[in-house]
*Asks:* 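Mind looking over this structure? Questions follow.
Order of appearance sets the numbers: ligands from 1, and atoms from 1 within every ligand. Counting begins at 1 with the first residue of the sequence. It should be emphasised that the depicted structure is a prediction, and the values quoted were computed from it without experimental measurement.
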Amino acid sequence: MADKDCPDASNPTDFVMTFRDPSVIANWHAHVYFDSSSRDAAWAFREQIEARWNGKLQMGRFHERPVGPHPMWSYQLAFAHEQFAELVGWLALNHGALDVFLHPNTGDALRDHRDAAVWIGHSHELAPGALR
Ligand code: ZN
């Protein structure tokens with residue numbers, strides 16, 4: 001009996017994929033998620049990031065409310081594709097209980113957020129209406 005949640009290997013239409021070259025990635029965003037209970041940890045994490053990557057990434061505002069498609073409070077880091085390994089490696093090892101949503105920026109916001117998301121910690125449901 002087939003599991004309807006799994007792709008059927010005998011049906012090639014379940015595996016239609018188009019491959020995109022990473023050269024379309026202009027840069028990356030990392031959005032650090034938090035709420036009132038994790039606010040202080042998020043602020044301390046931000047200070048560590050600022051100290052380590054001072055001038056090497058763009059730090060966004062500390063939003064104490066959900067903004068755009070983000071369902072939690074958040075702040076944004078914008079960084080170059082070439083920094084991905086070092087920065088994301090550090091985030092992965094040091095995020096503690098904070099969740100981090102990463103997405104590339106290719107000029108297609110819906111695809112970038114919906115189909116190309118990378119999560120550190122837990123994933124969250126985005127508000128898709130904000131991406132259209
Ligand atoms: Zn973003």
*Asks:* For Phe79 and Trp90: C-alpha separation, side-chain torsions, deciding distance, then whether ring pair (Phe, Tyr, Trp, His ring centres under 6.0 Å) applies.
*Replies:* CA-CA 13 Å; Phe79 58 97; Trp90 190 88; over 10 Å; no
*Asks:* Determine yes or no for a side-chain-to-main-chain donor-acceptor pair under 3.5 angstrom, with Gln83 supplying the side chain and Lys56 the backbone.
*Replies:* yes
*Asks:* Go through it in stages, so that I can follow the logic: the residues are His124 and Tyr33, the test is side-chain hydrogen bond (donor to acceptor under 3.5 Å, both in side chains), and I'd like the CA-CA distance, side-chain angles, deciding distance and then a yes or no.
*Replies:* CA-CA 10 Å; His124 296 257; Tyr33 282 4; over 6 Å; no
*Asks:* Any donor and acceptor pair, going by atom type alone, linking the side chain of Asp99 with main-chain N or O of Gly121 inside 3.5 Å?
*Replies:* no
*Asks:* Examine distances only and state if a side-chain atom of Tyr75 and a backbone atom of Ala30 form a donor-acceptor pair shorter than 3.5 Å.
*Replies:*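 Here the side-chain-to-backbone pair does not exist.
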*Asks:* Give the total of protein N/O/S atoms at a distance below 2.8 Å from the Zn ion (ligand 1).
*Replies:* 3
*Asks:* Main chain of Pro66, side chain of His70: is a donor-acceptor contact present, judged purely on distance under 3.5 Å?
*Replies:* no
